[in-house]
Amino acid sequence: MSDLSPDAFDTEGFLRNLSDWSPDVALHIAAAENLELTPAHWEVIHLLRAYYVEYDSSPAMRPLVKYCALNLGQHKGKSIYLMSLFPGSPAKIGSKIAGLPKPDNCL
Amino acid sequence: MDKKRILIVLRHSPYGSSLAKAAVDVALATAAFEQRVDVLFAGDGVLQLMRDQESHGVGRKNIGRQLASLPLYDIERVYVDAEAATRYNLDTDNTPFDTQLLSPADMHQLLVAYDHLMGL
Amino acid sequence: MTVVLHTLCALPSSAAFRDCIKVARAGDAIVLLGDGVYAALEGTPACRELQATRVELFMLRADALLAGVSQSAPNIVSIDMEGLVELTERIPRQLAWY
């Protein structure tokens, strides 16, 4: 479990500071979302963090799908694949577990 | 029914105000909702295309990096005010996307080709 | 039919003013509002530049009155807010300069 105080998160459960993130914190956030993280999840989580560094923003769904296709291969660059890992709103939930701010372009 | 075509005209320097950041947000949000959107960098807006913008430790969002994600949002057409690019000696050959340089007359023709214009 | 409606809300010395008159073409309309109304001052270089674009020219009456711009060039049509709304209805393609 992470030893972060509740203040480290905003009201929606997004980490306030990117640098507070660690794999342990990710597990903690995922548990709150009722998700068990598999290697397939971790692959996308690390990719989300790389995206944030490269583009200084959290991706919406459309660019996330494209970015996955570019970096993980076409078969993983599909919304259905990302939906299977992070049901509901992959960009939003993935970003949350990756410790990124909530994507601006998500409802 | 055909989707309306939207042109966002980015006209302000990246860090002199919050307008450039707002314009980039609007462009990305519009594209994220599957609208047909293209962008034109005009006047001082071309300064958003400067290479090597370094925001580390400044507490500002890096406009240059955010713009690099335009192709991931399927914003494929990026137009640039040629006069303004020349005025600032801007190198548009090394942007993260293909750009098309436009004269003032070309820019007017471009405006006319869209259903909606958004100047920011 | 008017092609583009430009709403110009910036001083004649501004980049927005330059950019606007650079792009505007005959067949467009420009509405001066806010600080833009100073470009309506008759005999000024800004006013001459504006007229050289050969676009239809308008200015928002209340803003011109507030600024004390009473000597405006004769071909600049003074309109109220209702007139501005009518213009935006007539010309759907609108671009704001500020």
Side-chain angles (χ1 to χ4, degrees), chain B residues 2-20 22-23 26-27 30 36-49 79-88 90 100-120, chain C residues 1-39 45-46 48-60 63 84-98:
Chain B
D2 270 357
K3 271 189 192 163
K4 298 277 188 187
R5 297 185 66 205
I6 302 166
L7 181 72
I8 298 179
V9 185
L10 299 98
R11 293 193 31 258
H12 293 93
S13 64
Y15 305 108
S17 68
S18 57
L19 287 165
V26 167
T30 310
R36 294 178 59 192
V37 53
D38 297 322
V39 293
L40 163 65
F41 293 90
D44 297 335
V46 302
L47 295 170
Q48 296 179 36
L49 300 172
Y79 301 96
V80 179
D81 177 345
E83 272 187 17
T86 305
R87 189 188 322 141
Y88 289 112
L90 189 81
Q100 196 178 331
L101 290 165
L102 301 181
S103 70
D106 291 339
M107 283 195 280
H108 186 263
Q109 286 216 315
L110 186 74
L111 300 185
V112 175
Y114 288 82
D115 302 299
H116 292 294
L117 308 172
M118 223 181 288
L120 270 163
Chain C
M1 194 183 128
T2 311
V3 185
V4 182
L5 173 64
H6 305 268
T7 53
L8 179 49
C9 186
L11 288 166
S13 61
S14 68
F17 181 85
R18 298 274 122 229
D19 293 345
C20 176
I21 62 169
K22 185 169 88 175
V23 172
R25 289 285 179 281
D28 291 355
I30 295 179
V31 182
L32 305 171
L33 60 161
D35 269 351
V37 298
Y38 296 107
R48 280 194 291 275
E49 284 180 82
L50 203 54
Q51 290 178 313
T53 61
R54 305 195 342 269
V55 305
E56 272 187 278
L57 295 171
F58 303 88
M59 67 175 178
L60 203 57
D63 291 359
L84 180 58
V85 172
E86 276 169 29
L87 278 177
T88 60
E89 281 168 352
R90 177 159 71 86
I91 314 166
R93 206 179 287 115
Q94 187 197 330
L95 187 55
W97 303 87
Y98 51 87

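- Nearest heavy atoms, G43(B) versus D19(C): CA-OD2, 3.4 Å.
- Within the 4.5 angstrom heavy-atom criterion, only side-chain atoms of V3(C), from C-beta onward, approach chain B.
- Between R25(C) and A105(B), the shortest heavy-atom distance links the atoms NH2-N, 3.1 Å.
- Within the 4.5 angstrom heavy-atom criterion, only side-chain atoms of D81(B), from C-beta onward, approach chain C.
- Heavy-atom distances place both the backbone and the side chain of V112(B) under 4.5 Å from chain C.
- Side-chain atoms of Y98(C) come within 3.5 Å of backbone N or O of G119(B) as a donor-acceptor pair.
- Within the 4.5 Å cutoff, the side chain of L111(B) has heavy atoms near those of the H6(C) side chain.
- How far CG of L95(C) is from CG of L7(B): 8.0 Å, rounded to the nearest 0.5 Å.
- Going from atom CD of E83(B) over to atom CZ of R18(C) covers 11.5 Å, rounded to the nearest 0.5 Å.
- At distances below 3.5 Å, at least one donor-acceptor pair connects side-chain atoms of R93(C) with backbone N or O atoms of Y114(B).
- When heavy atoms are compared at a cutoff of 4.5 Å, L110(B) does not approach chain C at all.
- For R54(C), the CZ atom counts as loosely surrounded, since its 6.0 Å shell holds 12 or fewer non-hydrogen atoms of other residues, nucleotides or ligands.
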